[in-house]
**Q** 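Just passing along the structure, written as structure tokens.
All values below were derived from every heavy atom in this structure, side-chain atoms included, with hydrogens, water molecules and symmetry-related copies excluded.
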Amino acid sequence: MIGYYWSVYKIFWYFYAMFCTLLYYNYLGMLLVAMTPSFPVASILSSAFYTIFNLFAGFLIPQPQVPKWWLWLFYLTPTSWSITGMLTSQYGDIHRDILVFGETKTVATFLKDYFGFHHDRLAVVAVILIAFPLAFAFLFTYCIQRLNFQRR
């Protein structure tokens, strides 16, 4: 419905980005439960994390418009990498002209100018997308072993 192109390359990227996104959300929830003494505290922390993830993901405020002193948080937010991977892999190599904000640009140029998504950085996005679930899973494993809130 949103105009994805039918190619093996783009379908692989879609499933890869979605798989990594679901993994890091799942492992983040497990990590927060392992780090906190009770489920309500983990629920409060998760709502704070999800708010930050949505605010700095890049669809409310695109990366070129994020203030420079908050740019580090854009790069630390996993959802920004998911959106970068999804949009760049699906539309970053399309050079058809579109009319945007009264100008005629190609789709790839619009993604580069407005969102800051570069198609040549897709390999970096792939590595970072798998790094977040691995980091959250490692931290969960460490916290579940070392933190014990049931001491007598």
Side-chain angles (χ1 to χ4, degrees), residues 1-5 7-36 39-96 98 100-101 103 105-147:
M1 287 176 35
I2 59 175
Y4 284 165
Y5 290 90
S7 71
V8 174
Y9 170 78
K10 293 182 186 251
I11 291 172
F12 167 76
W13 265 103
Y14 173 78
F15 282 121
Y16 177 76
M18 285 306 300
F19 178 71
C20 288
T21 302
L22 292 174
L23 272 181
Y24 69 68
Y25 271 113
N26 190 17
Y27 286 136
L28 177 67
M30 291 167 54
L31 173 65
L32 290 175
V33 168
M35 285 176 50
T36 57
F39 178 72
V41 175
S43 178
I44 292 168
L45 274 180
S46 69
S47 66
F49 272 97
Y50 298 151
T51 301
I52 291 172
F53 282 8
N54 285 326
L55 183 61
F56 290 98
F59 58 87
L60 292 176
I61 304 170
Q63 184 258 334
Q65 295 177 5
V66 172
K68 299 302 178 209
W69 58 87
W70 281 112
L71 201 55
W72 61 273
L73 193 54
F74 174 82
Y75 289 116
L76 280 178
T77 303
T79 50
S80 68
W81 293 102
S82 295
I83 290 175
T84 301
M86 290 289 275
L87 288 177
T88 305
S89 67
Q90 300 299 317
Y91 301 114
D93 58 349
I94 298 173
H95 298 288
R96 190 173 20 186
I98 57 172
V100 180
F101 303 127
E103 297 179 36
K105 296 181 176 185
T106 64
V107 176
T109 306
F110 173 70
L111 285 177
K112 208 176 289 183
D113 294 343
Y114 188 73
F115 290 107
F117 297 160
H118 299 272
H119 193 262
D120 55 346
R121 297 183 191 160
L122 215 46
V124 175
V125 172
V127 170
I128 292 174
L129 272 179
I130 199 64
F132 276 111
L134 290 175
F136 289 159
F138 173 75
L139 287 172
F140 165 72
T141 305
Y142 180 78
C143 289
I144 204 75
Q145 288 176 348
R146 299 290 179 218
L147 299 177

**Q** Sorted by first residue and then second, give each side-chain hydrogen bond (donor to acceptor under 3.5 Å, both in side chains) pair with at least one member in residues 61-71; sequence neighbours left out.
**A**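 For residues 61-71: Q63-Y75.
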
**Q** Using a 3.5 Å distance criterion without hydrogens, assess whether the side chain of T88 forms a donor-acceptor pair with backbone atoms of G85.
**A**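 Here the side-chain-to-backbone pair does not exist.
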
**Q** Quick one: NZ on K112 to OG1 on T106, what's the gap to the nearest 0.5 Å?
**A**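 Those atoms lie 8.0 Å apart.
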
**Q** Does the separation of the ring centres of F19 and F15 fall below 6.0 angstrom?
**A**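 No: the rings miss the under 6.0 Å criterion.
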
**Q** If you compare all heavy atoms of C20 against all heavy atoms of P133, which two are closest, and at what distance to 0.1 Å?
**A**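 For C20 versus P133, the nearest heavy atoms are O-CG, 3.7 Å.
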
**Q** Is atom CZ of F49 surrounded by more than 12 heavy atoms (other residues, nucleotides or ligands) closer than 6.0 Å?
**A**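 No.
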
**Q** Over all heavy atoms of both residues, which pair between L111 and L87 is shortest? Give the atoms and the distance, please.
**A**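 Minimum heavy-atom separation between L111 and L87: CD1-O, 3.7 Å.
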
**Q** So Y27 and L31, do their side chains get closer than 4.5 Å, heavy atoms only?
**A**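 With C-beta onward as the side chain, the pair stays apart.
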
**Q** From L129 CG over to T84 OG1, what is the distance, rounded to the nearest 0.5 angstrom?
**A**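 Nearest 0.5 Å value for the CG-OG1 distance: 8.5 Å.
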
**Q** Should M86 and M18 be marked as a side chain to side chain contact (heavy atoms under 4.5 Å, CB included) after you check the CA-CA gap, both sets of side-chain angles, and the distance that decides it?
**A** CA-CA 8 Å; M86 290 289 275; M18 285 306 300; 4.2 Å; yes

**Q** Evaluate the criterion side chain to side chain contact (heavy atoms under 4.5 Å, CB included) for residue pair S46 and L28; output intermediate values, then yes/no.
**A** CA-CA 8 Å; S46 69; L28 177 67; over 6 Å; no

**Q** How far does OG1 of T141 sit from CZ of F136, to the nearest 0.5 angstrom?
**A**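 Rounded to the nearest 0.5 Å, the OG1-CZ separation comes out at 13.0 Å.
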
**Q** Counting neighbours of OH on Y142 that are heavy atoms of other residues, nucleotides or ligands and sit closer than 6.0 Å, is the number greater than 12?
**A**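 For Y142, atom OH is not crowded (no more than 12 foreign heavy atoms under 6.0 Å).
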
**Q** How far does CZ of F140 sit from CD of Q145, to the nearest 0.5 angstrom?
**A**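 Result: 9.5 Å between the selected atoms.
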
**Q** Step by step, work out the side chain to side chain contact (heavy atoms under 4.5 Å, CB included) result for K105 and D113.
**A** CA-CA 10 Å; K105 296 181 176 185; D113 294 343; 3.4 Å; yes

**Q** What pairs of residues pass the salt bridge (Lys or Arg N to Asp or Glu O under 4.0 Å) test when at least one of them lies in residues 75-93, not counting sequence neighbours?
**A**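 Passing the test, one end in residues 75-93: K10-D93.
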
**Q** Using distance alone, with no hydrogens and no angle criterion, decide if Y24 and S82 have a side-chain donor and acceptor under 3.5 Å apart.
**A**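 There is such a pair between these side chains.
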
**Q** For Y14, is the OH atom crowded, meaning more than 12 foreign heavy atoms sit under 6.0 Å from it?
**A**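 At most 12 heavy atoms, drawn from other residues, nucleotides or ligands, come within 6.0 Å of this atom.
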
**Q** Checking S80 against T77 for the side-chain hydrogen bond (donor to acceptor under 3.5 Å, both in side chains) test, could you report, in this order, the C-alpha distance in whole Å, the side-chain angles of both residues, the deciding distance, and whether it holds?
**A** CA-CA 6 Å; S80 68; T77 303; 5.1 Å; no

**Q** Evaluate the criterion side chain to side chain contact (heavy atoms under 4.5 Å, CB included) for residue pair W13 and L122; output intermediate values, then yes/no.
**A** CA-CA 10 Å; W13 265 103; L122 215 46; 3.5 Å; yes

**Q** Indicate yes or no for a side-chain donor-acceptor contact from Y16 to the backbone of A126 under 3.5 Å, with no hydrogens or angles considered.
**A**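 Yes, because the side chain of Y16 sits within donor-acceptor range (under 3.5 Å) of the backbone of A126.
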
**Q** Of all the heavy-atom pairs spanning C143 and A34, show the shortest one and how long it is.
**A**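 Nearest heavy atoms, C143 then A34: CB-CB, 4.1 Å.
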
**Q** Is the ring pair Y114/F101 parallel, tilted or perpendicular, if the boundaries are 30 and 60 degrees?
**A**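 Judged by the thresholds at 30° and 60°, the geometry between Y114 and F101 is tilted.
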
**Q** Please indicate whether F115 has more than 12 foreign heavy atoms, meaning atoms of other residues, nucleotides or ligands, lying under 6.0 Å from its CZ.
**A**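 Yes, because the 6.0 Å sphere around CZ of F115 holds more than 12 heavy atoms from other groups.
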
**Q** Only distances under 3.5 Å count here; give the side-chain donor-acceptor pairs of residues 50-58 to other protein atoms, sequence neighbours excluded, each with its distance to 0.1 Å.
**A**
unit_1, atom_1, unit_2, atom_2, d
T51, OG1, S47, O, 2.8
N54, ND2, Y50, O, 3.2

**Q** Whether the side chain of T36 engages the backbone of L32 through a donor-acceptor N/O pair (distance < 3.5 Å, no angle test) should be reported.
**A**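 Checked: pair present.
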
**Q** Look up atom CE in M30 and atom CE in M35, then write down how far apart they are to the nearest 0.5 Å.
**A**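 So the gap between those two atoms works out to 14.0 Å.
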
